[in-house]
Structures are given as structure tokens and as C-alpha cells.
Protein chains: 2
Amino acid sequence: MRVPRANSREKILAAAADVAREAGPGSLSLEAVASRAGVSKGGLLYNFPTKAKLMQGLVESYLSDFQKALETRATEAGHESVLSAYIKLSADDCERPKPSASWMFSAIAEDPDFLTPIKAFKHQLFERLKGETDDLGSLLVCYLAIEGMRSMNLFDSDVLSEDERRLLVSSLLKIAG
Amino acid sequence: MRVPRANSREKILAAAADVAREAGPGSLSLEAVASRAGVSKGGLLYNFPTKAKLMQGLVESYLSDFQKALETRATEAGHESVLSAYIKLSADDCERPKPSASWMFSAIAEDPDFLTPIKAFKHQLFERLKGETDDLGSLLVCYLAIEGMRSMNLFDSDVLSEDERRLLVSSLLKIAG
DNA sequence: TTGACAAGACCGTCCAGCCGGTACAGTAAG
DNA sequence: CTTACTGTACCGGCTGGACGGTCTTGTCAA
């Protein structure tokens with residue numbers, strides 16, 4: 001009973017993220033992902049010949065989604081700076097109560113090198129932000145604060161209230177200018 | 001109460017942190033820890049009857065060390081605020097190139113609930129900081145930026161240069177007042 | 001003697017990767 | 001149109017190995 005062959009990859013990727021989020025990063029097994037995606041283990045291994053490839057796919061789709069969202073934000077709303085687009089995007093990402101990237105912990109456990117592309121991406125983004133502003137101190141504070149927000153969301157650590165998060169975002173936007 | 005021959009518990013805890021840092025969080029097995037600590041598997045299980053207890057021990061020692069260091073900083077150098085003590089302590093912690101808490105990833109993979117005490121601790125610290133200042137916006141920015149710094153160190157993501165980190169710290173201290 | 005381990009065999013479980021199938025789809029000759 | 005062939009997409013059982021945890025036996029210092 002097969003229907004959408006082409007979407008299998010994305011379905012599997014989404015299923016993997018779901019499993020990691022709901023059952024915990026330690027429960028991200030091939031069988032769990034396959035079952036969640038409505039695919040057999042063989043079908044999963046057909047799309048991703050190894051678990052490492054699956055992790056790599058997760059990283060790549062995460063990065064491309066993020067970049068797409070950032071680009072959209074940075075261009076759509078007029079002459080917004082990349083930094084403020086990044087702030088708003090991150091704020092929205094962190095709005096969702098459940099961390100959507102728990103799979104990162106699985107990836108790190110598998111092999112810390114899986115995060116290398118993410119590090120490179122962040123480095124690139126930071127360089128881009130540096131080229132946009134002349135007040136390095138403010139940029140550093142903003143950038144790190146966003147990093148902290150994302151980290152707290154990732155660790156599912158809800159220290160901030162709704163009001164506090166809003167205040168934080170507006171403070172950051174003010175610092176960003 | 002008999003004194004053990006050597007302080008095996010601490011040796012084991014340190015060995016576990018070393019294994020997670022050097023071999024990766026996914027390689028944190030009981031055998032690896034035992035071998036690293038110069039202890040047999042039986043000896044390890046004698047001190048920590050289960051892997052969960054070992055993780056718990058890691059968390060507890062991390063938290064007590066951190067609190068002790070924070071208290072020392074906050075009291076020794078005159079009437080420094082807790083926030084600036086926290087900033088400086090975190091900056092020093094992040095000075096070290098290698099993340100010292102990679103075991104956290106192992107703990108999360110094992111069971112996300114292991115981080116509950118850490119979340120509680122952070123929440124408590126944040127409340128304490130809120131009681132110390134009247135400018136919530138600045139506190140939020142500072143606190144999150146520190147969180148970001150710690151997160152980057154944990155993920156071994158060296159986006160900032162030495163100079164940038166120093167500038168960041170001084171900016172944060174200025175914001176903290 | 002006893003408490004604090006050392007040493008390691010052993011078992012149950014879990015899981016990644018492999019492999020032999022199977023159900024189509026497209027093509028193309030007859 | 002039919003039959004035969006071919007490649008794609010997927011199924012699911014299997015296995016080898018790693019790992020956590022238990023248990024037994026031995027050792028040595030206090």
C-alpha cells in the first residue's frame with residue numbers, strides 16, 4: 001500500500017525529529033523512525049543507507065530550512081537588518097514550547113562531527129552580521145543572547161515567562177538598532 | 001564509617017567526564033569509564049550501582065562545584081553583584097578550549113530527566129538575579145548572553161575570537177552595572 | 001574478620017546493517 | 001493488446017556485536 005514515493009525522504013526526516021522530540025534523543029533508533037514514518041526498516045535504509053546518512057540529512061534539511069526562513073524574513077519586511085531578522089526568527093522558533101531539534105543530541109552522541117556543518121553555518125552567519133554593523137559590542141551581546149535563547153529552547157529549559165521573553169526580544173531589537 | 005582507599009567516586013566521576021569529552025558523549029559506557037578510572041567494572045558498579053546513579057552523580061557534582069565557585073566569587077571580591085560574579089565565572093569557564101561537560105549529552109540521551117536538577121538550579125539562580133536588580137531588560141540580555149556563551153562552549157563551537165570574547169564580557173559587565 | 005574493591009565470566013537486550021524477497025512502473029518487442 | 005524484461009522502491013527477518021547489569025570468586029588493607 002504505497003502512495004507518495006517521492007516524499008519519503010521528508011517524511012522520514014520529520015519522523016526522526018518527532019521521535020527524538022517525543023521519545024527522547026536516546027530513543028532515536030532506525031526501527032522507531034521507520035515505524036513512525038509509516039515505512040519499513042528496509043524502506044528507511046533504502047532512502048538513508050546508514051544511520052549516519054540519516055543524521056546528515058537531518059542536519060542539511062535543518063540548515064536549509066533555517067537559511068530559507070532567514071532569507072525570507074530579511075527581504076520581505078522592507079529594509080530590515082539581518083540581525084533583527086535573526087532575532088525575530090529565533091524568537092518565533094523559541095515560541096514553540098517543545099524543542100524541534102532534539103535530534104541534535106542524538107547526532108552528537110552518534111558522532112560530534114555531525115555538527116560541523118552547523119558550526120560552519122553559524123560562523124558564516126556571524127561574519128555576515130559583523131559586516132553589517134559597526135558596533136561590535138552590541139552585536140556580540142545580541143548574538144550571544146539569541147544563542148542563549150535557542151539553547152534554552154533546545155534544552156527545554158523554560159526559565160523565562162512569556163512576558164520576559166517579549167521584553168528580552170524588544171530589548172535586543174533596541175540594542176540592534 | 002570506613003574511609004575508602006582512594007577517593008574512587010571522584011576519580012570515577014572525573015574519568016566519566018574525560019571519556020565523554022575525548023571519545024564523544026556516545027562512547028560513555030560503563031566499561032570505558034571503569035577502564036579510564038583505573039577501576040574494574042565491578043569496582044565501578046560498587047560505587048555507582050547503576051548507570052543512572054553515575055549520571056546523577058555527575059549532575060550533582062557539577063552543580064555543587066558550580067555553586068561553590070559562584071559563592072566564592074560573589075563574596076571574595078568585595079561587594080560584587082551576583083550577576084557580575086556569574087559573568088566572570090562563566091567567562092573563565094569558557095576560556096578553556098575543551099568543553100568540560102560533554103557528559104550532559106550522554107545524560108540527555110540516557111534520559112532527559114537527568115537535567116531536571118540543572119534546570120531547577122538555573123531557575124533558582126535566575127530568580128536570585130531578578131531579586132538583585134531593578135532593570136529586568138538588562139538582566140535578561142545579560143543572562144541569556146551568558147547562557148549563549150556557555151552553550152557555545154558546550155557545543156565546542158568557537159565562533160568568537162579571544163578579543164571578541166573579552167569585548168563581550170566587558171560589554172556585559174557594563175550592562176550589568 | 002570485614003569492608004572495599006579487583007577481575008571477569010555470563011546473560012538478556014537492543015540495534016545497525018545486510019540480504020533475500022516483493023510489488024509495482026515503464027518500456028518494448030511480438 | 002499482451003507478454004516479457006528491467007529497474008525502482010520498499011518489505012521484514014536475521015545476525016553479529018555492543019552494552020548494561022549481575023554474580024561469583026579472589027585480594028588486601030585496616
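Proteins get letters first, then strands, A, B, ... in listed order; numbering begins at 1 in each.
With no hydrogens or angles considered, no side-chain donor-acceptor pair links A/S61 and A/S64 at under 3.5 Å.
Side-chain proximity of B/L45 to D/dT22, C/dA16, C/dA4: nearest is D/dT22. Closest approach to the A/K41 side chain among D/dG12, D/dG21, C/dC5 is made by D/dG12 (side chain taken as heavy atoms from C-beta onward). Considering only the side chain of B/S40, C/dA7 comes nearest among C/dA7, C/dC5, D/dC14. Among the nucleotides C/dA6, D/dC11, D/dC10, the one closest to any side-chain atom of A/V39 is D/dC11.
For A/S8 and D/dC10, the shortest distance from a side-chain N or O to OP1 or OP2 is below 4.0 Å. Taking only side-chain nitrogens and oxygens, A/K51 comes nearer than 4.0 Å to OP1 or OP2 of C/dA16. For C/dA4, the OP1/OP2 oxygens have a side-chain nitrogen or oxygen of B/Y46 closer than 4.0 Å. Between B/N47 and the phosphate of C/dA4, there is no side-chain N or O to OP1/OP2 separation shorter than 4.0 Å.
In this structure, CG of B/L44 is placed 14 Å from P of D/dC19, rounded to the nearest angstrom. As a whole-Å value, the separation of B/K11 NZ from C/dC5 C1' is 10 Å. One can place CG of A/L54 at 15 Å from P of C/dC15, the figure rounded to the nearest angstrom. The distance between atom CG of A/L30 and atom P of D/dG12, rounded to the nearest whole Å, is 16 Å. Across the protein-nucleic acid pair, B/D111 atom CG and D/dG20 atom P stand 15 Å apart, rounded to whole Å. Between the CD1 atom of B/I12 and the P atom of C/dA4 there is a distance of 13 Å, rounded to whole Å.
Contact annotation: the side chain of B/D158 never approaches that of B/M152 to less than 4.5 Å [non-hydrogen atoms, C-beta and beyond].
With the nearest nucleotide of DNA chain D identified for both B/S29 and A/E31, A/E31 has the one nearer the 5' end.
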After noting the C-alpha distance and the side-chain angles of B/E164 and A/K130, does the key distance pass the side-chain contact (heavy atoms from CB on, under 4.5 Å) rule? CA-CA 11 Å; B/E164 287 167 344; A/K130 274 202 285 189; 2.5 Å; yes
Checking side-chain hydrogen bond (donor to acceptor under 3.5 Å, both in side chains) for the pair B/R150/B/S90: CA distance, chi angles, key distance, verdict? CA-CA 7 Å; B/R150 302 191 80 94; B/S90 299; 2.5 Å; yes
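Annotation for A/D65: atom CG counts as buried by contact number, over 12 foreign heavy atoms lying within 6.0 Å.
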